[in-house]
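The structure under discussion appears below in the form of structure tokens.
Owing to the predicted nature of the structure, the values given are computational and were not obtained by experimental measurement. So that the names make sense, note that chain A is the first sequence line, chain B the second, and so on, each numbered from 1.
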Amino acid sequence: MSALRIARLRKRFGAQEVLKGIDLEIGSGEFLVLVGPSGCGKSTLLNVIAGLEKAGEGTVEIGGRVVNDVAPKDRDIAMVFQSYALYPTMTVRQNITFGMECRRVPRPQQEEALARVARLLQIEALLNRKPSQLSGGQRQRVAMGRALVRDPMLFLFDEPLSNLDAKLRVEMRMEIKQLHRRIGATMVYVTHDQIEAMTMATRIAVMHQGEVQQFADPETIYNRPATLFVARFMGAPPMNTVAARLTGGAEGLAAIIGAGRPDEIRLPVPEELAARAGPFRDREVVLGIRPECIAEADRRFGADARHSVPIEAPVEMTEPTGAETIVLMRLGGEALLGRVSPDIRLPVGAPARFALDTRKLCLFDPATERLIA
Amino acid sequence: MTPDPGPATAPAAPALDAPRAAARRAAARPAWRDAIGRWLPHLVLWPPLLVSVVHVLGFTGYTTWMSFTASTLMPDYEWVGLRNYTAVLNSRNWQIATDNLLIYGAGFVVLTTALGLLLAVLIDQRVRGENLFRTIYLYPMAVSFVVTGTVWAWLLNPSIGIQRLVRSMGWGGFRFDWLVDREMAIYTIVIAGAWQASGFAMALFLAGIRSVDADLYKAAQVDGAGPWRIYRRVVLPAIWPIFIAVLVILLQYTIKTFDLVRALTGGGPGIATQLPALVVYDLMFQRGLLGRGSAAAVMMLLSLLLVLVPYFGFMRWRRHREARHG
């Protein structure tokens, strides 16, 4: 049984269509992250799932039950908001038990649930405080407590970490992930932060302009992005996307960056991709390559030496981050980013030698911007 | 121990450049513009300040002084101590006025707050034509109290107003003659006052309700609270400072009420709807008892201070608390 199923969902505000036919389905215990830039419709989608916005067309099913006309309180959901939305005049205790009070849960059971959640989130000492007396991280915990205190079919998170500072955000990210593993609940999590999406999700839906660009597990999203948008949105620094020309020789298919220039670069296309890329032989494509696939010259990618192609390119800029150095280089007239080991010194302006991993090349159709192979 | 002047003067040196630059810029401007620039603030600030001080503080002080003298029709500077105060406090007129003030004050504040809150909550339901309704509800505020009083005097007049209307529709036995009833007349003032001020209370409440974080409504909805419970437990508690503001504004309004009663009942029937402000007017300008009138006026001022001083204390306390909590 799927915990959440959304079919052909459409939603418009006036003339603006904000959700243009969404189809998603996740099983019980999954962690779905809706990710996309602001204005992509991800928060609206979450509100429709919660029942706080009405669906225009299509259906929303929670636990196998169509809930289009079910009020939020009867949908068996719990929600954590970006602003935490703690009731300012109630104590932490009242904030957490308010929902149970509304559902007329008997007192002893309320106390029991409160104690369980307070222990789980380590907020026992804060129960009698007002939200204004809490720090950002503590408010975040209380907001989570309010959701955890009921045992719902679905947890909904609306950018819950975006108001925290960077350090706390990383901590809470890990905690939510651990929490998910521990209680095994189904969660839907909205964020604009692709790192949160990659680290927490079991499945990611990348949204853009009211459409799901790709719905897959994080690895597929990262390695085989379905569209150029996904390729450029996920990953920091993002995937390099450059114009290239596919040519076929005796030794197999190759992509050429800067074809016709003296510094053109020829990259052999791996056999697994070559079959699907066949129709694009002798045509222009967009070549995508992750920055970590361009490294220092003596790096070897995989067991097969053929996958590591040596290239030479002038270095335009370097950004040492400590753990690695990001290099901006010029390849066949195009600017590309590479990621090299931090102990390599690359003089800016001079050409340097790199190794390029061809296993994870992505080829996109320049007209439709969709993945070819 | 003397402080070491060395480090204190050293960092100050670069800061000296700024005034010097300003002086250079100033030198380029004609002298008359400089003179205007220097004098304009004084020209704008002093006259109003002087007028305010003379009119507000000066005349308040003068009235207070008068209240301790034997002044009658004209000022008389013979000091009589608290005699005017005891005379006013012991007069039946003043006793009725203060009793009325309590009834009117309680009724007016409660009714206006309740009506204002109700209107605000109704308008908050995202009704169509919200702006129109808001304007209509606020409109009485733009009308002078004299107009309100006159209109309600007609409406409540048994022989031409509501009573006659209902009777002419067939309910022959209908009675609504509070205006001419000694016991009930004070409530007509409550009704007219609430009609006038509830739109204003609504505006304040609505602004408060609208400033509540929209996520709070969503959270309460997901928690399973119905609209009534959301207002009662989440929204209205969150805007409690607005309640204080409305209460204070209405209370000081109550104490100063004069023209409404003047136009609606003229203090009658008899002296049944007498209020302190009417007593002051009566003593000073109709009976020619400046000393006693001043004493009554000073007592009104004291009751106003009783409302306002705690409010300003409260405001200071809140600012202080907000500054601490950030």
Side-chain angles (χ1 to χ4, degrees), chain A residues 43-44 46-53 70-91 94-105 129-136 139 142-147 149-150 152 154-160 163, chain B residues 113 117 120-121 124-131 204-248 314-326:
Chain A
S43 285
T44 307
L46 195 75
N47 282 340
V48 172
I49 296 173
L52 298 166
E53 299 273 4
V70 177
K73 67 185 170 81
D74 300 321
R75 290 192 175 199
D76 203 8
I77 53 166
M79 193 159 172
V80 178
F81 295 86
Q82 180 176 8
S83 63
Y84 313 138
L86 299 179
Y87 309 123
T89 53
M90 297 186 200
T91 61
Q94 289 167 324
N95 262 286
I96 293 175
T97 55
F98 181 67
M100 293 189 285
E101 185 192 315
C102 294
R103 292 192 304 279
R104 303 217 166 76
V105 176
R129 292 212 204 154
K130 290 272 177 69
S132 60
Q133 298 165 310
L134 301 178
S135 70
R139 285 178 208 191
V142 175
M144 301 247 303
R146 198 168 56 179
V149 78
R150 64 191 294 188
L154 211 56
F155 282 98
L156 306 177
F157 293 87
D158 188 5
E159 308 213 20
N163 286 347
Chain B
T113 308
L117 198 56
V121 167
D124 188 44
Q125 309 309 308
R126 312 267 157 202
V127 288
R128 208 179 285 268
E130 178 189 317
N131 283 336
L204 286 190
F205 283 128
L206 188 62
I209 290 175
R210 287 285 158 83
S211 71
V212 170
D213 180 5
D215 279 353
L216 277 183
Y217 288 90
K218 293 185 184 174
Q221 264 177 286
V222 172
D223 264 342
W228 163 242
R229 201 195 288 259
I230 294 180
Y231 278 113
R232 194 171 52 89
R233 292 291 309 278
V234 178
V235 177
L236 298 185
I239 59 166
W240 65 270
I242 306 255
F243 279 85
I244 305 268
V246 168
L247 199 73
V248 167
F314 162 76
M315 294 291 278
R316 272 186 70 105
W317 171 76
R318 270 199 79 200
R319 258 203 304 279
H320 187 72
R321 206 183 59 146
E322 260 160 38
R324 225 178 22 191
H325 283 296

*To the nearest 0.5 Å, tell me how far B:R233 CZ sits from A:M90 CE.*
4.0 Å
*Roughly how far, to the nearest 0.5 Å, is the CG atom of B:D223 from the CD atom of A:E101?*
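Nearest 0.5 Å value for the CD-CG distance: 10.0 Å.
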*Applying a criterion of heavy atom separation less than 4.5 Å, what residues of residues 213-220 of chain B form contacts with chain A?*
B:D213, B:D215, B:L216, B:K218, B:A219, B:A220
*Mind ranking A:P88, A:G99, A:P152 by heavy-atom pairs under 4.5 Å with chain B and telling me who comes out on top?*
A:G99
_salt bridge (charged side-chain N to carboxylate O under 4.0 Å, His left out) against B:R210, all qualifying residues, sequence neighbours excluded_ = B:D124, B:E130
Answer with side chain, backbone, both or neither: which region of [X] has an atom nearer than 4.5 Å to a non-hydrogen atom of chain B?
X: A:D158; result: neither
X: A:R75; result: neither
X: A:L156; result: neither
X: A:A78; result: backbone

*Looking at B:V222 and A:I77, what are the two nearest heavy atoms and their distance?*
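Minimum heavy-atom separation between B:V222 and A:I77: CG1-O, 3.9 Å.
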_Shortest non-hydrogen contact from A:K73 toward B:G224_ =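 For A:K73 versus B:G224, the nearest heavy atoms are CB-CA, 3.2 Å.
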